[in-house]
Each structure stands twice: as structure tokens, then as C-alpha cells.
Colleague: 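Got a structure here, written out as C-alpha cells. Questions coming.
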Amino acid sequence: MEKAIAVATKAGEAGEVPVGAVVVDGQGECVAIASNRRQRDCDPTAHAEVLALRHVGHKLQTWHLNQCTLYVTLEPCPMCAGALLQARLGLVVYGADDPKTGALRTALNLPDGPGSTHRLSVLGGILESTCRQQLQDWFTHRR
């Protein structure tokens with residue numbers, strides 16, 4: 001999670017909402033690091049989680065990522081949660097809850113919903129105060 005926080009800091013410095021994601025494979029090796037790039041790429045799908053999944057898929061030459069763990073600083077939105085389910089990800093570990101758009105536990109619970117074909121394991125609240133404070137500071141500075 002500390003790597004995800006560090007990459008989120010760099011994203012915030014670049015004008016992006018500071019969200020960072022790190023994917024670790026079944027052997028504990030870091031296989032992808034990404035941050036939000038919506039502003040820089042002019043791409044509404046360029047969330048940290050989606051970019052990390054794309055990188056891992058290319059690197060591992062598969063979209064079945066059931067042996068991988070994603071660490072992300074903010075609870076994924078519905079788009080990202082859907083991508084995580086489609087990737088058959090093994091585990092998602094996130095920092096701060098997102099009460100507005102969090103789709104793993106807070107606003108929605110897509111993994112446990114009737115439309116989910118994959119039972120995604122989720123662990124939230126890891127370094128939560130650090131992740132939440134990072135976002136709050138960024139938004140305070142922006143307003």
C-alpha cells in the first residue's frame with residue numbers, strides 16, 4: 001500500500017486525483033504500478049486500477065488475474081470494480097472508503113451482488129487514515 005500511496009502523491013502533483021494502484025502476482029512480485037491519468041490522457045477510463053490491469057494483462061499475457069492482488073488507495077468506482085471482476089482478480093486491498101462512488105463495499109457492493117460471476121475477495125481500510133488524508137489535502141488545495 002505504501003507504493004500505491006507514493007504513486008498517488010506523484011499523480012496529485014501532476015494535477016490528477018491522487019489515486020495509486022499496485023498489482024502483485026502470486027509470488028509477491030510487483031507486476032504493475034499505475035496512477036490516475038484521466039486529465040493527462042484525456043481519457044475517462046484512465047483510472048489507476050484500469051491502467052494497472054491493462055499493464056498486468058499485457059505483461060502476463062492473460063486476462064485471468066486470479067493469482068494477483070491489487071492494492072489501491074481509494075475504494076474502486078463501479079467502472080473499476082467491474083473491470084476487477086472481469087479480470088477474475090484474486091484480492092483487492094484498498095485504503096479509504098469512497099462514500100459517493102465506492103463499489104466494493106461502501107456505496108455499492110458489486111462483488112457480492114447477484115450479477116457478479118466472480119466472488120472477489122476484498123480487504124478495506126488498510127492505511128485508511130493516510131489514504132483519506134492524502135485525498136482530503138489534495139481536494140482542499142484544489143478548491
Colleague: Apply the test side chain to side chain contact (heavy atoms under 4.5 Å, CB included) to residues C68 and V56: give CA-CA distance (whole Å), side-chain angles for both, the deciding distance (0.1 Å), then the verdict.
Modeller: CA-CA 9 Å; C68 293; V56 171; 4.3 Å; yes
Colleague: Is there a continuous path of hydrophobic side-chain contacts, each under 4.5 Å between heavy atoms, that joins L110 to L91?
Modeller: no
Colleague: Set out, in order, the CA-CA distance, both residues' side-chain angles and the distance that settles side chain to side chain contact (heavy atoms under 4.5 Å, CB included) for V17 and W138, then state yes or no.
Modeller: CA-CA 7 Å; V17 175; W138 187 86; 3.8 Å; yes
Colleague: Just verifying a value: how many Å separate N109 CG and L120 CG, rounded to the nearest 0.5 Å?
Modeller: 9.5 Å
Colleague: Kindly give the heavy-atom pair with the smallest separation between R54 and T45, and that separation in Å.
Modeller: NH2-OG1, 3.3 Å
Colleague: Quick one: closest heavy-atom pair of A32 and A52, and the distance?
Modeller: CB-O, 3.7 Å
Colleague: Rounded to the nearest 0.5 Å, how far does CG of L89 lie from CD of E49?
Modeller: 11.0 Å
Colleague: To the nearest 0.5 Å, how far apart are CD in E75 and SG in C131?
Modeller: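 It is 12.0 Å, given to the nearest 0.5 Å.
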Colleague: Assess whether side chain to side chain contact (heavy atoms under 4.5 Å, CB included) is satisfied between Y94 and T73, documenting all intermediate values.
Modeller: CA-CA 5 Å; Y94 72 86; T73 57; over 6 Å; no
Colleague: Under a 4.5 Å cut-off applied to non-hydrogen side-chain atoms, are V72 and P76 in contact?
Modeller: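 The answer is yes, as the side chains (C-beta and beyond) meet within the 4.5 Å cut-off.
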Colleague: Drop me the distance from Q133's CD to L127's CG, to the nearest 0.5 angstrom.
Modeller: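 Interatomic distance, Q133 CD to L127 CG, rounded to 0.5 Å: 13.5 Å.
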Colleague: If you round to the nearest 0.5 Å, how far is CG of D43 from CZ of R37?
Modeller: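 It is 10.0 Å, given to the nearest 0.5 Å.
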Colleague: Flag yes if L70 and L135 sit in one hydrophobic cluster, no otherwise; membership is Ile, Leu, Val, Met, Phe, Trp, Tyr, and two members link when side-chain heavy atoms are under 4.5 Å apart.
Modeller: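 In one cluster: yes.
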Colleague: Using a 4.5 Å cut-off between side-chain heavy atoms of Ile, Leu, Val, Met, Phe, Trp and Tyr, which other residues end up in the same hydrophobic cluster as V50?
Modeller: M79
Colleague: So that I can tick it off, tell me whether R38 and E16 are bridged by a salt bridge, with the cut-off set at under 4.0 angstrom between side-chain N and carboxylate O.
Modeller: no
Colleague: Could you give me the CA-CA distance, side-chain angles and deciding distance for W63 and R88, then say whether side chain to side chain contact (heavy atoms under 4.5 Å, CB included) is met?
Modeller: CA-CA 8 Å; W63 60 270; R88 310 297 193 259; 4.1 Å; yes
Colleague: Go through the side-chain N and O atoms of Q134 and T9 and say whether any donor and acceptor fall under 3.5 Å apart.
Modeller: yes
Colleague: Should we count NE2 of H118 as having more than 12 external heavy atoms under 6.0 Å?
Modeller: yes
Colleague: How many angstroms lie between CG in L51 and CG in D41, if you round to the nearest 0.5 Å?
Modeller: 7.0 Å
Colleague: Under a plain distance cut-off of 3.5 Å, with no hydrogens placed, do D137 and T140 share a side-chain donor-acceptor pair?
Modeller: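 No, no side-chain donor-acceptor pair sits under 3.5 Å.
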Colleague: Would you mind checking if R132 and D97 are paired as a salt bridge, meaning a charged N to carboxylate O distance below 4.0 Å?
Modeller: no
Colleague: L104 and V93: same hydrophobic cluster, using ILVMFWY side-chain contacts below 4.5 Å?
Modeller: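 No, L104 and V93 fall in different hydrophobic clusters.
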Colleague: Judged by atom type as modelled, is there a donor-acceptor pair below 3.5 Å linking the side chain of T106 to the main-chain atoms of P99?
Modeller: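 Not confirmed, T106 side chain does not pair with P99 backbone.
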Colleague: Are L84 and V122 connected in a single hydrophobic cluster, I mean Ile/Leu/Val/Met/Phe/Trp/Tyr linked by side-chain heavy atoms less than 4.5 Å apart?
Modeller: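 Yes: a chain of side-chain contacts under 4.5 Å links V122 to L84.
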Colleague: Kindly give the heavy-atom pair with the smallest separation between K3 and C30, and that separation in Å.
Modeller: NZ-CB, 4.0 Å
Colleague: Would the number of heavy atoms belonging to other residues, nucleotides or ligands and lying under 6.0 Å from CD of E2 be above 12?
Modeller: no
Colleague: Check the hydrophobic clustering (I, L, V, M, F, W, Y; side-chain heavy atoms under 4.5 Å; chains of links allowed) and say if V19 and V92 are grouped together.
Modeller: yes
